[in-house]
Amino acid sequence: MALDRFFRRRRPQQQPGTDVPDLWTQCPACKEGVYNRDLEAGAYVCPKCGHHIRLDAAQRVQVLLDEGSFTQLSGRVQPTDALNFQDTEAYTDRLRRAQKKTGRPDAILTGTGTILDVPVTLAVMDFAFSGGSMGSVVGEEIARAAEHAAAHGTPLIIVTASGGARMQESALSLMQMAKTTVALEGLTERGLPYVSLLTDPTTGGVTASFATIADVIVAEPGALIGFAGPRVIQQTIRQNLPEGFQRAEFLLEHGMVDAVVDRREQRAYLASLLGLLTRREVSA
Amino acid sequence: MALDRFFRRRRPQQQPGTDVPDLWTQCPACKEGVYNRDLEAGAYVCPKCGHHIRLDAAQRVQVLLDEGSFTQLSGRVQPTDALNFQDTEAYTDRLRRAQKKTGRPDAILTGTGTILDVPVTLAVMDFAFSGGSMGSVVGEEIARAAEHAAAHGTPLIIVTASGGARMQESALSLMQMAKTTVALEGLTERGLPYVSLLTDPTTGGVTASFATIADVIVAEPGALIGFAGPRVIQQTIRQNLPEGFQRAEFLLEHGMVDAVVDRREQRAYLASLLGLLTRREVSA
Amino acid sequence: MTAPIDTLKELEARVRDLEVTAQKTGQNLDAALNPLRAEVDRLRAAQPKAAPTRWERVQLARAQGRPTALDYVDRLCTEFTELHGDRRYGDDPALIGGPARWQGVPVMLLLQQKGRDTKSKIKRRFGSANPEGYRKAVRLMDLADKFGLPVVALVDTQGAYPGLEAEERGQGWAIAESIRRMLNLRVPVVNVVIGEGGSGGALAIGVGNRVLIQENAWYSVISPEGAASIIWKDASKAPLAAEALRLTAPDLLKLGIVEEVIPEPAGGAHQNADEAARAVGEAVTRHLRELAAQDAATLKTDRAARFRRLGAYTETP
Amino acid sequence: MTAPIDTLKELEARVRDLEVTAQKTGQNLDAALNPLRAEVDRLRAAQPKAAPTRWERVQLARAQGRPTALDYVDRLCTEFTELHGDRRYGDDPALIGGPARWQGVPVMLLLQQKGRDTKSKIKRRFGSANPEGYRKAVRLMDLADKFGLPVVALVDTQGAYPGLEAEERGQGWAIAESIRRMLNLRVPVVNVVIGEGGSGGALAIGVGNRVLIQENAWYSVISPEGAASIIWKDASKAPLAAEALRLTAPDLLKLGIVEEVIPEPAGGAHQNADEAARAVGEAVTRHLRELAAQDAATLKTDRAARFRRLGAYTETP
Ligand SMILES: [Zn+2]
Ligand SMILES: [Zn+2]
């Protein structure tokens, strides 16, 4: 579909809040055309079929936070090619390409803001940057966001979207699973809530570390969430996977997530939840 | 089988260490005749088929503890008929009958002793007393044994054998599930190990309280262990239960017990385990 | 001579039969059931208001239309955010929970939910939880402890689910762990038996600082039918067993097992859910307010002491 | 011209094929395999001893007859009491553990166990754990913490098991919880990668105070075959991927990911299991002795700091 391709090509250049030049977009699920103005007003959920269109990090911030409340924290930490990784393309070139495409140093955007006036620290993974893969920068920025939240006494929300750990940093990226876990412990010690929002797709090392040790785990409708990817599993079991396997609703049924929440209701859900979980001091 | 019945009738009167007048016993599993002297020397495990013959509390003490090391703690707490329970027989008459049969106030025997020189506090349920049912006396004596272990710094071993809570004490017996749990917490606070040894049968309220919150859970081969009894489950699912369902080996396979240990190896197993788990002070 | 009370019993039996059929076959028989239920309600309202026998109270605790846990939550709570799953195996609809505001006070709710119509009753296994339910309860208690939320647990179950798979996944283990977790909480815990309090499955979320019970609820180590089956090999002797078991709210108050009996509207909670909810709401809020003054250590040690002393025995010198 | 090394590679490939067949069909082919394995061993011993390439090290880490975790335990521990089960669902033979004396010192062992013959390899899924394995590990770590037992974890897995049921029961959740539990321990934790250290499945029991690795073991975010499949769509390019991934012991030491490389006998640990075990035993005992001097708070904060700082990045002002 030409328009579908066009939409995908256009999306990364769209900055939230700027005028969107193209008038309409084809929904990748139901293939219906939707006015861009309606999409943006409706949190990028297809008004025809409810499909949750993938967001880049800036769109996610726009959808979640009160308008104008965002103050960015991330941006100074830059990736390096510590292993001098030999690939079909140099890692440094891959990075430069992804940086140019997304306008960020790596697959993460963090900052502070409010949701219906509730102050939060927010970290958002950017799937548009190298499939949201977690390398040293993602790990470091998530750790800093957690430490910022602990230091400033705000809840932390992490929005995940990741194909897993970043191969080009090998064991260094693997270690980010531990690093993020260490940093999140500071929130537990201060009794501050940490909520993860799992979006399509969240797999691999992210699923096996910070994404799933949240106090409350929320998933977006239809999101693919798992540790091993569907193809690897299929190779292991040599049979087709059941319909809906590893989707958000499947995980809810299997007890793995607390709720599947429509993107249009996430602000209200999170504000109420964080209000309820804000620690009241247990005397002595 | 006449001998089988005779064996069952004789057993409660046999005192450990005294001469056993009858020469042999028929194994209830393989129906072979076994010399009583061999049975007693072999921890009442059938030397022909390995069947673990049910023990009363005194026999259990004899099998587990170093000879002559047992000092009894229980015996002063006596049951009462607080509900004036209306049954086909008065609860007080039932109690008197069971007391006469077993020579104890209720279905529990506790004390201290050593296993291969490791000092322990030991509580043993007596299935011969009203099917090892847990009423107020069992709960109180187990709580006191746990408190004794905590106060004297010894590990605690509880040997379970119980059809569940004692109906004739209704909600009072139900509350023993909580009472025993409270008392066991004192061991956790002092870093002392608590090992439960589940023997045939252990079901109902005992399984759903102190028996299964032990640091290490050991089961005897072939023991029936579960919360709901097999008949109740069969009524619910209206089909036959699989071979071996709720047996010790089944529970091991389902991750519920740490080990199934032959009675003849339990002393060595427990002494080694307790030696390893005895808390070394973590400095500061 | 057919007294009105016998017509009522007859109708109640038919309703029960139909519900069993619906459960067995998975068919929705509400169309047939609802008129019968309405007539049962009408007859019950018309009954004379003598103090009910123990067995009559058991029947009131099971009355068609008796408010379920969620009926109280609907009337007393705002912002109830149900949190799902044990993070290990599944999500149990028989035991649910999450944070909420109880008459304005932030709490963590634990609810045994029987279901309100035939379909949801079947889905929720009439409030009989699987191990997943108790493991979810433990997880929610962990959150309550971490965030300083008092726990309000509404007990309403005939018992834990006696299924083959429940045993495979450690029903006894799950209940024991839930009891231990609740006993160790550093936050206030108030329990209310709002209907049936059956055995370990009820106790699993019943070991709080204050245990309350509604006037016509029951709480026992075994159901009257179960006891009758054991004693007389005849479940229909349940009325006799109910007497023997001393399972009513006044009995339990006398035995020191509950702190307070919460009054119900005339004829039972199902006659006026709003009034029943007002009484439950008031009692829980009052106890929460009292407990709010206690520190974490006191809450835990007082709760432990409460259960450490329960039981009836004598002692020889 | 067929050099000996090619004969070796050919034979190794045949052994692998037969093992795959044995796994698929469930047949025991040891009778056919063992002579082949012996010949492989002989040829390997005869190889020239130049410093192995990265890919050669990967092959040494997978060598037939390389000591498994239990081979080290047999040689270094007395009184190993294996404790079974996660108390929730099952017992995983791929990840086992329990208290033991490590050269006399009481410890809690966590072992990824691949299996020693075809049958046990299949039973243990070649050391690829299910969620139950990681949940058992968490339970054993709880016991270690409670009783002050240092944890010794031997890592040897290509990764967590990528099965359908493993996903259903929360493989990612179980690994994350295991990582968190180990990071929070108040006792010393020493990890040794004794063969393969594949991805999150290895890290799950790999986050201790001291991470050691044997000379020919590998540790990486992805297996060489996995990386080759992604980069070149061709798993046979694994030797290239192994180079790119910097997955050998010397690489990891340089990156600060491990504290120490434990030497292996000439030709690899499988050439002399006793000698390999002596080196592992000595190194672990030495680190345990050093850590014994630290208090609980220091052990936890030092461990946290160790992992907090890992990673490579620059920072703009
Ligand atoms: Zn659509
Ligand atoms: Zn026999």
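Per chain, numbering begins at 1; letters A, B, ... match sequence-line order.
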Practice task
Evaluate the side-chain proximity of A:Val257 to D:Trp173: yes if any heavy-atom separation is below 4.5 Å, no if none is.
Solution key: yes
Handout entry: 4.5 Å side-chain heavy-atom contact, A:Met167 and D:Ile230
Key = yes
Exercise for the section: Sort out for me which residue in A:Ile233, A:Thr207, A:Leu251 forms a side chain to side chain contact (heavy atoms under 4.5 Å, CB included) with D:Glu167. Expected result: A:Ile233
Handout entry: Nearest heavy-atom neighbours spanning A:Ala171 and D:Tyr219
Key = CB-O, 4.2 Å
Exercise for the section: Could you check if a side-chain atom of A:Gln86 sits within less than 4.5 angstrom of a side-chain atom of D:Leu240, using non-hydrogen atoms only? Expected result: no
Exercise for the section: With side chain to side chain contact (heavy atoms under 4.5 Å, CB included) as the test, would you mind laying out the steps for D:Arg246 and A:Phe85 before giving the verdict? Expected result: CA-CA 9 Å; D:Arg246 306 281 189 266; A:Phe85 196 85; over 6 Å; no
Handout entry: Contact class of A:Asn84 relative to chain D, heavy atoms under 4.5 angstrom
Key = both
Exercise for the section: Examine whether an atom of A:Leu83 lies under 4.5 Å from a heavy atom of chain D, and if so say whether it belongs to the side chain, the backbone or both; otherwise answer neither. Expected result: both
Problem - A:Ser136 side chain to D:Gly311 backbone, donor-acceptor under 3.5 Å - result: no
Problem - Under 4.5 Å from a heavy atom of chain D, the part of A:Tyr91 involved - result: neither
Problem - Where D:Ala176 and A:Thr212 come nearest, the two heavy atoms and their spacing - result: CB-OG1, 3.3 Å
Practice task
Rounded to the nearest 0.5 Å, what's the gap from CG on A:Leu172 to CD1 on D:Ile257? Could you check?
Solution key: 4.5 Å
Completion exercise
Okay, A:Glu141 and chain D: the region with an atom under 4.5 Å from a heavy atom over there is neither
Completion exercise
Cut-off 4.5 Å, heavy atoms of chain D, and the answer for A:Arg144 is both
Handout entry: Under-4.0 Å salt bridge between D:Arg303 and A:Glu185
Key = no
Exercise for the section: Sort A:Phe210 into side chain, backbone, both or neither according to what part of it lies under 4.5 angstrom from a heavy atom of chain D. Expected result: neither
Completion exercise
When the 4.5 angstrom heavy-atom criterion is applied to A:Leu184 and chain D, the contacting part is neither
Practice task
Determine, step by step, whether A:Glu169 and D:Val221 satisfy the side chain to side chain contact (heavy atoms under 4.5 Å, CB included) criterion, reporting the C-alpha distance in whole Å, the side-chain angles of both residues, the deciding distance to 0.1 Å, and the verdict.
Solution key: CA-CA 8 Å; A:Glu169 297 185 23; D:Val221 74; over 6 Å; no
Exercise for the section: Identify whether the distance between the nearest side-chain nitrogen and carboxylate oxygen of D:Arg308 and A:Glu140 falls below 4.0 Å. Expected result: yes
Problem - Closest non-hydrogen atom pair, D:Leu245 against A:Ser170 - result: O-OG, 2.8 Å
